[in-house]
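So that the names make sense, note that chain A is the first sequence line, chain B the second, and so on, each numbered from 1.
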Amino acid sequence: MKRYSAMALLRAGLTGQRGWERAWRDPEPKPHYEVIVIGGGGHGLSTAYYLAKVHGVRSVAVLERGWIGGGNTGRNTTIVRSNYRQKPLHDLFDFALGLWEGMSDALNYNVMFSPRGALFLGHSDADMTQLAQRGDALRCSGIDAELMTPDAVHRLVPLLDMSPDARFPIHGGLIQRRGGTARHDAVAWGYARAADAQGVDVIQNCEVTGLVMAGGRVTGVETTRGTIGAGRVGICVAGNSGPVAAMAGLKLPIEAQTLQAFVTEPVKPMIDTVVMSQSLHCYISQSDKGGIVLGGDPDQFPSYAQRGLPIRLEKAAAEAIALVPALSRLRMVRCWSGTTDMSFDGSPIISALPVDGLYLNGGWCYGGFKATPGSGWCYAHLLATGESHPLAAPFSFDRFATGATIDEAGVGFMPQLR
Amino acid sequence: MMLIDCPYCGERAQAEFTYERTLDSIVSLDMPVEEVLARLFSRANPRGEDRELWRHTFGCRQWLVLRRHRRTHAIAAVDPYAPDDPE
């Protein structure tokens with residue numbers, strides 16, 4: 001792999017941009033791998049990269065039905081943060097955030113990680129109490145969190161409607177300054193290129209159609225490009241976790257839903273941080289290209305349509321305009337949807353499954369992007385050693401039966417809402 | 001946006017309805033705990049048709065059973081929910 005650098009860019013600029021090699025190979029599947037990762041999203045690719053880089057497992061294939069960057073990795077709102085209330089969640093996400101901070105250097109690929117701050121707004125006394133409690137929990141775990149007065153919030157985001165008769169009055173906020181955004185498809189491409197350089201086969205246009213079982217154990221996968229044998233098989237397919245697990249006769253505590261996001265026409269810098277309201281479920285940030293990226297609620301019924309309801313967009317737009325009235329003048333240029341794997345306590349599953357040789361990394365709901373490096377790190381540990389990484393141990397498959405759920409919303413587990 | 005043909009009200013916009021759960025995840029108080037766990041926390045989650053319990057929450061408020069395709073949103077049947085019927 002030729003290293004990318006400012007010098008390489010300058011040299012190529014002087015020689016007509018010729019001589020760039022492809023970012024990763026296009027290999028034919030081999031008959032057998034030590035580990036097969038199903039799903040070439042950010043999580044699957046980072047898993048493969050850390051399997052090779054950290055654990056020295058180089059006989060690895062990542063099988064992707066479509067193309068790299070075409071799934072949920074390229075469909076999210078690119079927000080990266082670790083300020084969750086529950087300790088198992090914020091420990092995992094903060095480990096991921098540490099990896100985000102060094103990712104561009106480690107992968108030799110500019111993922112444009114921009115720690116511009118991730119701000120939660122509080123709209124009532126109750127909100128502020130909840131944010132203060134969350135901030136305390138974070139600081140007890142050594143994670144940065146700063147409670148902000150309304151004045152401080154206004155100085156940070158001058159375009160917010162701070163008037164007392166605002167539709168959603170702003171009583172303050174909680175900011176994680178290390179949080180921010182990243183270029184989402186660069187994350188997939190960067191991991192694909194770095195994994196490939198470690199000897200991992202990244203195989204696109206290769207859909208897994210079945211699992212090969214022998215003696216109650218998974219020994220390989222059937223694909224549209226033939227049968228491939230494997231020592232261990234890791235499922236890492238986000239919204240399609242259910243159908244892939246069904247190939248092994250398993251049912252999961254997961255249902256698929258549609259989540260949408262949309263972006264406005266590009267404008268000059270107007271919001272230089274990530275503004276979020278969890279009471280409203282509204283997410284606002286500005287991309288480096290200038291578009292305002294907005295996200296809202298999932299459709300709240302099972303769906304694989306990758307096409308969401310217009311009323312969800314309308315609600316997210318109405319909330320964003322109420323918070324930042326200047327947004328009302330912008331035109332929406334694009335909206336899109338992804339299929340999210342909603343788990344019944346809102347937390348992911350990184351775990352062995354009740355079939356030997358088969359593992360699951362899924363159930364990330366609508367919050368998987370920010371975990372990409374940490375998720376891959378822990379899943380690689382599980383696939384290499386057969387043991388859960390300590391950070392991932394709470395995210396077991398059987399926690400619903402034991403009652404040890406990780407309930408970020410604080411309302412109990414919610415099978416009826418998924 | 002889907003149109004749902006409520007057996008009591010006729011065709012109404014999906015926004016009037018709320019999804020409750022899959023029909024096979026309904027539990028009763030007298031079930032053994034293993035069955036309750038299996039019903040609540042393991043779902044077929046098919047990329048195809050499933051039978052689902054919906055409610056016409058912002059309409060007649062009746063419970064309904066939909067046979068709906070989860071990729072195309074095509075609704076094959078809408079029936080009144082009768083709790084005593086076998087699944």
Side-chain angles (χ1 to χ4, degrees), chain A residues 65 207 237-247 249-258 298-315 337 339-345 349 353-354 362-363 396-403 405 412-418, chain B residues 1-4 6 12-29 31-59 63-76 78 81 83 87:
Chain A
R65 177 177 66 181
E207 180 177 358
V237 295
N240 283 303
S241 295
V244 175
M247 294 172 187
L250 294 171
K251 292 181 174 182
L252 304 177
I254 288 174
E255 278 198 333
Q257 286 199 13
T258 291
D299 275 3
Q300 286 161 1
F301 58 84
S303 168
Y304 289 92
Q306 289 192 318
R307 187 183 69 243
L309 297 177
I311 48 175
R312 299 280 175 246
L313 294 182
E314 196 178 358
K315 177 171 174 285
S337 309
T339 305
T340 58
D341 39 342
M342 307 297 288
S343 70
F344 292 152
D345 60 355
I349 297 165
L353 289 173
S396 66
F397 179 67
D398 66 357
R399 68 177 184 267
F400 297 94
T402 62
T405 54
F413 42 60
M414 303 168 284
Q416 77 282 10
L417 294 184
R418 306 285 195 237
Chain B
M1 181 71 72
M2 297 183 283
L3 275 180
I4 298 178
C6 174
R12 297 295 184 92
Q14 182 269 332
E16 292 185 11
F17 299 79
T18 44
Y19 169 76
E20 169 65 19
R21 61 177 75 184
T22 56
L23 203 62
D24 62 7
S25 60
I26 296 171
V27 294
S28 66
L29 291 175
M31 278 176 186
V33 66
E34 294 76 20
E35 190 181 351
V36 170
L37 284 173
R39 281 175 168 257
L40 284 181
F41 297 121
S42 54
R43 299 290 168 84
N45 192 17
R47 195 185 169 87
E49 252 186 25
D50 206 348
R51 296 180 75 205
E52 303 168 341
L53 186 63
W54 285 66
R55 193 182 187 201
H56 196 179
T57 313
F58 307 104
W63 293 102
L64 308 170
V65 175
L66 265 68
R67 197 146 57 77
R68 185 178 67 91
H69 196 288
R70 291 179 168 187
R71 194 170 54 75
T72 64
H73 293 335
I75 298 170
V78 187
Y81 175 56
E87 283 163 24

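Between B/Tyr19 and A/Gln257, the side chains place no donor N or O within less than 3.5 Å of an acceptor N or O (distance only, hydrogens not considered).
Salt-bridge formation is detected for the pair A/Glu255/B/Arg70: a Lys NZ or Arg NE/NH1/NH2 atom is positioned less than 4.0 Å from an Asp or Glu carboxylate oxygen.
The two residues A/Arg307 and B/His73 make their nearest non-hydrogen contact at NH2-CD2, 4.1 Å. Nearest approach of B/Leu40 to A/Phe344, heavy atoms of both residues: O-CE1, 3.3 Å. Closest heavy-atom contact between B/Gln14 and A/Leu309: OE1-CD1, 3.2 Å.
Within the 4.5 angstrom heavy-atom criterion, no atom of A/Asp299 approaches chain B. Heavy atoms closer than 4.5 Å to chain B are found in both the backbone and the side chain of A/Ile254. For B/Glu52, the part lying under 4.5 angstrom from a heavy atom of chain A is the side chain only. Heavy atoms of A/Ala246 lying under 4.5 Å from chain B are absent altogether.
In terms of modelled atom types and a separation under 3.5 Å, the side chain of B/Arg68 and the main chain of A/Pro302 share a donor-acceptor contact.
The CZ atom of B/Phe41 sits 8.5 Å away from the CG atom of A/Asp345 when rounded to the nearest 0.5 Å.
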task = For side-chain contact (heavy atoms from CB on, under 4.5 Å), just list the numbers for A/Leu252 and B/Asn45, CA-CA rounded to whole Å, side-chain angles, deciding distance to a tenth of an Å, and then say yes or no.
result = CA-CA 8 Å; A/Leu252 304 177; B/Asn45 192 17; over 6 Å; no
request  = Apply the test side-chain contact (heavy atoms from CB on, under 4.5 Å) to residues B/Phe17 and A/Phe301: give CA-CA distance (whole Å), side-chain angles for both, the deciding distance (0.1 Å), then the verdict.
outcome  = CA-CA 10 Å; B/Phe17 299 79; A/Phe301 58 84; over 6 Å; no
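Options A/Ala305, A/Ser241, A/Ala401, A/Gly242 differ in how many heavy-atom pairs under 4.5 Å they form with chain B, and the most are formed by A/Ala305.
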